[in-house]
Amino acid sequence: MSARNPGMHLDLEWVSKVRVNTQAVLKRAQQIQGHKVAKKQWQAAWMLKAVTCIDLTTLAGDDTPSNVHRLCMKATQPIRHDLLKSMDMHDKGITTAAVCVYPSRVADAVKSLKAANSSLPVASVATGFPAGQTPLKTRLEEVRMAVKDGATEIDIVINRTLALTGQWAALYDEIRQFREACEDAHMKTILAVGELGTFTNVYKASLVSMMAGSDFIKTSTGKESVNATYPIAIVMVRAIRDYHLRTGHKVGFKPAGGIRTAQESVVWLTLMKEELGDEWLDPYLFRLGASSLLADIERQIYHYVTGRYPAYHELPMA
């Protein structure tokens with residue numbers, strides 16, 4: 001992962017001055033989506049890059065040790081070996097960026113990856129995911145448990161009430177406590193943007209999260225009605241850019257929720273390249289939170305290699 005973001009003292013003056021120009025954001029989002037998509041081998045290369053940035057995720061009520069194990073195996077070999085071989089990419093160590101599970105499944109994931117001799121990180125959602133409405137003490141305990149069980153990345157959710165009511169100092173203090181509970185684990189802070197109301201609120205929540213020491217800011221839990229959208233992403237990555245200019249610290253970005261097609265993943269990479277530069281085209285600073293995206297990328301790569309789309313049974317599913 002990237003060098004840790006140490007955070008900074010809460011600068012309420014900076015936060016209070018934030019104003020987002022909605023029309024400019026929407027116009028920029030349209031431009032990004034209107035770009036022509038690369039074709040043939042260039043498109044295949046972008047898709048493989050996207051695979052290496054995926055946090056392969058299962059967050060279902062019926063998660064069991066066996067489907068977590070299957071997910072881990074898929075993460076270590078996300079694209080069929082013969083397909084990679086025909087692209088001369090079989091020896092490049094292509095895996096997803098991490099596996100993401102509920103705290104109670106962290107130990108299962110760690111065990112599966114260890115047995116497979118894989119050093120892939122295990123990420124865990126915590127802090128009363130997805131609503132963040134449990135008592136602070138419980139949320140902190142959940143982070144500590146996940147870290148103790150071997151999670152090296154923690155995806156926390158913010159308390160939306162504090163953001164919606166403008167209690168930025170209280171939000172900063174909570175996130176600082178989560179940061180401490182994470183110990184050496186990297187902390188990805190989920191803003192649940194679909195529940196924050198305005199672009200200005202999203203920008204302010206992004207800033208406060210970074211000031212409090214978040215290593216990544218993430219759009220959504222995937223459980224809200226609005227998840228990762230391009231306009232929201234532009235607001236968040238510009239907050240990342242401003243924070244980097246002010247402090248010299250690079251913070252990562254993770255869109256999550258509703259990203260399902262290979263083509264969308266290429267648009268997300270394009271957005272990162274244009275807004276933040278090539279350094280952010282790397283799993284250290286960019287992740288895609290997804291459960292079904294990988295299946296479509298593998299399908300498109302199969303088509304690139306063979307000239308036809310696979311039958312359902314021809315690709316091992318996560």
Side-chain angles (χ1 to χ4, degrees), residues 2 20-56 78-79 83 87 89 92 94 96-97 191 193-194 198-200 202-203 206 216-220 222 226-245 250-305 307 309:
S2 55
V20 175
N21 180 337
T22 299
Q23 288 318 110
V25 168
L26 296 175
K27 191 177 175 190
R28 179 70 182 121
Q30 268 185 321
Q31 281 175 342
I32 296 269
Q33 285 168 272
H35 285 343
K36 284 191 166 61
V37 176
K39 295 292 181 204
K40 301 186 176 167
Q41 68 266 40
W42 293 281
Q43 187 179 23
W46 278 101
M47 289 191 295
L48 287 181
K49 167 60 84 176
V51 168
T52 66
C53 295
I54 291 175
D55 281 355
L56 197 58
I79 306 291
L83 297 177
M87 299 165 76
M89 293 296 287
K92 300 291 189 285
I94 289 177
T96 66
L191 305 184
V193 290
T198 66
F199 286 157
T200 298
V202 169
Y203 192 106
S206 300
F216 264 73
I217 51 176
K218 174 177 168 182
T219 58
S220 328
V226 176
N227 295 296
T229 68
Y230 301 120
I232 289 277
I234 285 160
V235 173
M236 290 175 71
V237 298
R238 291 194 174 174
I240 288 172
R241 190 167 67 192
D242 290 347
Y243 183 81
H244 177 234
L245 288 170
K250 297 187 182 86
V251 174
F253 176 63
K254 177 178 172 179
I259 303 169
R260 295 192 178 90
T261 69
Q263 196 164 343
E264 282 174 277
S265 71
V266 175
V267 177
W268 282 105
L269 285 164
T270 307
L271 186 152
M272 296 307 288
K273 183 180 171 66
E274 292 195 1
E275 289 287 324
L276 291 171
D278 288 350
E279 278 179 282
W280 266 267
L281 292 181
D282 189 286
Y284 292 126
L285 289 167
F286 179 62
R287 297 290 178 84
L288 287 156
S291 48
S292 56
L293 170 64
L294 180 58
D296 190 58
I297 292 180
E298 194 173 18
R299 201 171 149 263
Q300 299 301 337
I301 285 174
Y302 186 101
H303 181 268
Y304 167 72
V305 170
Y309 283 109

[X] [atom1] to [Y] [atom2] distance, which is reported to the nearest 0.5 Å:
{"X": "Leu271", "Y": "Ile32", "atom1": "CG", "atom2": "CD1", "result": "4.0 Å"}
{"X": "Met87", "Y": "Ile301", "atom1": "CE", "atom2": "CD1", "result": "5.0 Å"}
{"X": "Lys250", "Y": "Glu279", "atom1": "NZ", "atom2": "CD", "result": "4.0 Å"}
{"X": "Ile54", "Y": "Ile297", "atom1": "CD1", "atom2": "CD1", "result": "4.5 Å"}
{"X": "Leu288", "Y": "Leu294", "atom1": "CG", "atom2": "CG", "result": "11.0 Å"}
{"X": "Leu48", "Y": "Gln43", "atom1": "CG", "atom2": "CD", "result": "11.0 Å"}

Just so I know, are the side chains of [X] and [Y] near enough to count as touching, which here means a heavy-atom distance under 4.5 Å?
{"X": "Met236", "Y": "Leu191", "answer": "yes"}
{"X": "Ile240", "Y": "Ser206", "answer": "no"}
{"X": "Ile234", "Y": "Phe199", "answer": "no"}
{"X": "Gln31", "Y": "Glu274", "answer": "no"}
{"X": "Tyr302", "Y": "Ile79", "answer": "no"}

Report yes or no: does Thr96 contribute a side-chain atom to a donor-acceptor pair with the main-chain N or O of Asp55 at less than 3.5 Å?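 The answer is no, because no donor-acceptor pair under 3.5 Å joins these two groups.
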Backbone of Val251 reached by a side-chain donor or acceptor of Trp280 within 3.5 Å: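 Side chain of Trp280 to backbone of Val251: a pair is present.
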Do any pairs count as a salt bridge (charged side-chain N to carboxylate O under 4.0 Å, His left out) and have a residue in residues 30-51, sequence neighbours left out, and if so which ones?
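As it turns out, there is no salt bridge (charged side-chain N to carboxylate O under 4.0 Å, His left out) pair with a partner in residues 30-51 once direct neighbours are skipped.
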| field | Test log, rule side chain to side chain contact (heavy atoms under 4.5 Å, CB included), inputs Gln41 and Tyr304 | value | CA-CA 8 Å; Gln41 68 266 40; Tyr304 167 72; 3.3 Å; yes
Would you name the heavy atoms of [X] and [Y] that are closest together and state the gap between them?
{"X": "Gly289", "Y": "Lys254", "result": "CA-CE, 3.6 Å"}
{"X": "Val51", "Y": "Ile94", "result": "CG1-CG2, 4.1 Å"}
{"X": "Arg287", "Y": "Pro255", "result": "O-CD, 2.9 Å"}
{"X": "Phe253", "Y": "Ala233", "result": "CZ-CB, 3.7 Å"}
{"X": "Leu56", "Y": "Ser291", "result": "CD1-O, 4.3 Å"}

>> Is it the case that atom CD in Gln33 sees more than 12 heavy atoms from other parts of the structure closer than 6.0 Å?
In response: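 Yes - once you tally the heavy atoms of other residues, nucleotides and ligands closer than 6.0 Å, there are more than 12.
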Mark yes when over 12 heavy atoms from residues, nucleotides or ligands other than Lys27 sit less than 6.0 Å from its NZ; otherwise mark no.
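No, because the 6.0 Å sphere around NZ of Lys27 holds 12 heavy atoms or fewer from other groups.
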Worksheet item: How would you list, by chain and number, every residue that makes a salt bridge (Lys or Arg N to Asp or Glu O under 4.0 Å) with Glu275, sequence neighbours excluded?
Response: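 By the salt bridge (Lys or Arg N to Asp or Glu O under 4.0 Å) rule, Glu275 matches Arg28, Arg238, Arg241.
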Exercise for review: Kindly write out the residues that satisfy salt bridge (Lys or Arg N to Asp or Glu O under 4.0 Å) with Lys273, not counting sequence neighbours, or none if the list is empty.
Suggested key: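 Residues passing salt bridge (Lys or Arg N to Asp or Glu O under 4.0 Å) with Lys273: Asp278.
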Among residues at least two apart in sequence or on other chains, which ones pass side-chain contact (heavy atoms from CB on, under 4.5 Å) with [X]?
{"X": "Ser220", "result": "Val193, Glu224, Asn227"}
{"X": "Gln23", "result": "Asn21, Leu26"}
{"X": "His303", "result": "Tyr309"}
{"X": "Thr261", "result": "Gln263, Glu264, Asp296"}

What residues form a side-chain hydrogen bond (donor to acceptor under 3.5 Å, both in side chains) with Asp242, not counting sequence neighbours?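 In terms of side-chain hydrogen bond (donor to acceptor under 3.5 Å, both in side chains), with neighbours along the sequence ignored, Asp242 is linked to Tyr203.
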Inset, instruction - Return the set of residues passing ring-ring contact (aromatic ring centres under 6.0 Å, His included) with Trp268 (not counting sequence neighbours), or none when no residue passes. - result: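 Scan of Trp268 (ring-ring contact (aromatic ring centres under 6.0 Å, His included), adjacent residues dropped) gives Tyr230.
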